[in-house]
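Here's the structure we're looking at; comments come further down.
All figures in this text were calculated on a predicted structure; none of them were measured in a lab. These numbers come from the heavy atoms of this one structure, side chains and all, not from hydrogens, waters or symmetry mates. Every chain is numbered from 1, with letters handed out A, B, ... down the list of sequences.
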Amino acid sequence: MHMPAISPSEAPILDLQNVSAGYRRGGLLSPPQHPVLRDITLSVRRGEAMGLLGESGSGKSTLGRVILGLLPALSGTIRFDGQALPRSTGAAWRDLRRRIQVVFQDSNSTLHPAHTILWSLTEPMRIHGLGTPEEREARALAMLEDVGLEPGMARAMPKSLSGGQRQRVGIARALMLSPELIVADEPVSALDVSVQAQVLNLLKSVQQKHGLTILFISHDMPVVEAFCDRAAVMAKGELVEIGSPLELLRDPKTEATRRLCVVSN
Amino acid sequence: MLAVQDLWVRLKPSLGGHPIVRGVGLQLQPGERIAIVGESGSGKSTVALALLGLLPRDVMQQSGSLTLDGEDLSDAGEDDWHTIRGRKVAMVFQDPAGALNPVLTIGEQLVEVYRAHDDRPRAEQRQLAVQQLAAMGFADPDRIIGLYPHQMSGGMKQRAVIAMATALHPGLIVADEPTTALDPSIRAQILALLVQKSEADRSSLVLVTHDLAETVRVAHRIAVFYHGRMVEVGPAERILARSRHPYTRALLNARPQPGQRAGELPVIPGRPPLPSEQFPGCAFAPRCSRAGESCHKTLPELTEIEPNHAYACHFPL
Ligand SMILES: Nc1ncnc2c1ncn2[C@@H]1O[C@H](COP(=O)(O)OP(=O)(O)O)[C@@H](O)[C@H]1O
Ligand SMILES: Nc1ncnc2c1ncn2[C@@H]1O[C@H](COP(=O)(O)OP(=O)(O)O)[C@@H](O)[C@H]1O
Ligand code: SF4
Ligand SMILES: [Mg+2]
Ligand SMILES: [Mg+2]
């Protein structure tokens with residue numbers, strides 16, 4: 001088979017071709033409603049911070065879900081590290097789940113309210129049957145250190161944490177399985193402005209230290225401009241524009257991008 | 001005119017007794033618009049609720065004085081407030097869906113507002129409702145009037161809430177984060193509408209927001225809250241261009257500026273304090289780069305140092 005010559009760093013870690021997706025109203029056999037995502041083609045390079053911008057309802061989180069294997073694509077192909085992602089969300093996903101992790105807007109949803117932070121941090125390794133209890137704890141403490149939290153935090157309960165601390169723990173938990181790609185869905189949107197910059201700085205240092213690729217979902221142009229190497233703009237389920245954040249700001253080609261720029265000033 | 005003096009709000013002693021609002025004073029002339037800004041937990045919503053007589057009495061206690069158009073409301077009871085709200089003070093909250101009745105059309109709800117306060121014929125009230133919706137920027141008020149809340153977008157619902165809140169031309173509008181739950185692209189329109197209503201009725205506006213950028217096109221004055229206190233207040237342009245309180249400046253600098261890279265963004269260390277935390281001196285001292293010894297020992301009082309510009313800081317910028 002003929003392969004185009006590309007250097008390894010240029011090879012996309014994530015490659016979407018003409019991806020469509022939608023939600024079903026009824027059971028699995030009912031027809032999907034008109035697709036929420038239409039014909040998305042997007043390529044993300046290894047080590048890149050790729051922004052996904054758009055107004056609410058434009059389909060950003062849905063695209064994140066498709067990449068995480070939580071929602072099957074209706075059509076199109078998604079390649080991760082050169083391999084097509086399986087259509088089913090079943091067992092074939094097990095190994096991929098390790099390599100692709102997620103950070104949500106509010107990490108509370110990933111922290112068990114009745115257990116310590118340590119318990120929630122080690123949960124992904126337990127699910128994947130990795131390590132001894134001692135190894136899991138050692139890994140958790142190392143990840144806490146990477147996100148700038150005291151080791152004592154391991155014994156704390158989720159409800160005693162501030163919003164900024166919870167997001168740090170959410171990032172630490174996403175790092176536990178040494179992923180290659182992290183989908184971060186509005187990771188600082190729920191934080192106070194004085195804490196947002198702390199978490200953005202932290203996420204960037206973690207990205208560099210662990211050589212991560214990050215798909216950074218946000219509606220906030222200044223935040224994307226500070227964090228991302230490139231950004232794609234979504235509007236009504238379609239990808240309408242892609243470029244460096246500065247290009248998008250200086251020379252928006254579409255109405256959707258223009259609106260995101262105006263709002264932020 | 002609104003005048004608030006030395007307003008304190010505390011949790012009930014059985015709940016710990018922590019002060020949530022600490023000695024806040026505020027005067028607003030007719031038609032004047034002020035923005036209250038600060039991070040979460042700084043007491044903004046509690047002040048807003050106090051202005052509306054809506055503090056949860058089973059949880060909080062209030063002291064200090066509150067007068068509206070010369071009427072002393074410091075000890076007003078729920079019955080008094082019931083007649084005041086809607087006619088003299090109006091409220092707009094973050095979640096428009098919560099302020100609307102899901103089983104009535106917008107028209108029915110708006111007519112209800114008029115009906116509660118005068119006995120004009122129903123047809124006339126309906127006409128008023130249509131006019132009011134047109135004044136809210138709805139191009140087709142005759143259609144809107146027949147819609148139920150679930151048939152409207154968030155922005156449309158918030159317009160409808162503002163229509164109801166301002167139907168009786170109250171002298172004071174209190175809007176607590178009225179755009180936070182809305183799409184960024186329509187936030188500016190909702191704020192413009194509030195400004196327009198305040199100008200048309202010469203009503204005062206208190207806009208509560210966590211977003212300093214939002215205040216620019218709205219407020220004549222900006223008041224910055226931290227740990228339940230007003231730490232700086234002054235003309236809006238002055239606060240934005242030449243704030244003297246280090247916390248205000250830090251808030252202004254906290255949003256990433258063009259060209260700044262994540263990894264090197266300037267940060268305010270730590271996090272906003274809780275009401276239960278106590279500081280012998282300035283509550284911002286643990287996070288402040290200018291803090292000196294006196295900051296940790298003595299509370300800086302809010303003092304008018306330049307005309308109409310007051311700040312509470314031992315070492316202002
Ligand atoms: N679980 C769901 N079931 C049905 N429709 C959904 C679901 N989640 C999102 N949608 C719809 O999909 C569209 C895109 O939503 P979403 O991906 O959440 O957008 P964004 O993250 O950009 O705000 C919206 O119209 C939304 O109503
Ligand atoms: N009903 C309540 N019971 C107990 N504490 C409350 C209640 N309402 C507010 N508080 C506390 O008061 C503080 C200030 O809250 P609030 O006025 O809502 O701040 P803001 O609007 O600036 O975020 C917060 O720490 C909050 O936890
Ligand atoms: S009083 Fe001191 S600690 Fe407080 S803001 Fe001013 S300089 Fe900073
Ligand atoms: Mg989303
Ligand atoms: Mg509030």
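Using a 4.0 Å cut-off between charged side-chain N and carboxylate O, B/Glu232 and B/Arg244 make no salt bridge. A salt bridge links B/Arg255 to A/Asp220: at least one charged side-chain nitrogen sits closer than 4.0 Å to a carboxylate oxygen. Under a 4.0 Å N-O distance rule, the pair B/Arg271/B/Glu277 qualifies as a salt bridge. With respect to the salt-bridge test (charged N to carboxylate O, under 4.0 angstrom), the residues A/Glu180 and A/Arg46 qualify.
With a threshold of 4.5 angstrom between heavy atoms, B/Glu39 approaches chain A through its backbone and through its side chain. For a residue to count as touching a neighbouring chain, one of its non-hydrogen atoms must lie under 4.5 Å from one of that chain's; by this rule A/Gln196 touches chain B with the side chain only. Using a 4.5 Å cut-off between heavy atoms, A/Ser205 makes no contact with chain B at all.
With hydrogens and angles left out, the side-chain atoms of B/Ser42 and B/Arg229 include no donor and acceptor closer than 3.5 Å.
Residues of residues 150-172 of chain A lying under 4.5 angstrom from chain B, judged on non-hydrogen atoms, are A/Ser162 by number.
Between chain A and the residues B/Leu265, B/Val267, B/Leu212, the most heavy-atom pairs under 4.5 angstrom are made by B/Leu265. Ranked by non-hydrogen atom pairs under 4.5 Å with chain A, the options B/Gln260, B/Arg287, B/Arg261, B/Glu264 are led by B/Arg261.
Within a 6.0 Å sphere centred on NZ of B/Lys12, heavy atoms belonging to other residues, nucleotides or ligands number more than 12.
When each of A/Arg259, A/Lys60, A/His219 is paired with A/Glu55, the side chain to side chain donor-acceptor pair (under 3.5 Å) condition holds for A/Arg259 and for no other.
Residues A/Ala174 and A/Ile182 share a closest heavy-atom pair of CB-CD1, 4.0 Å.
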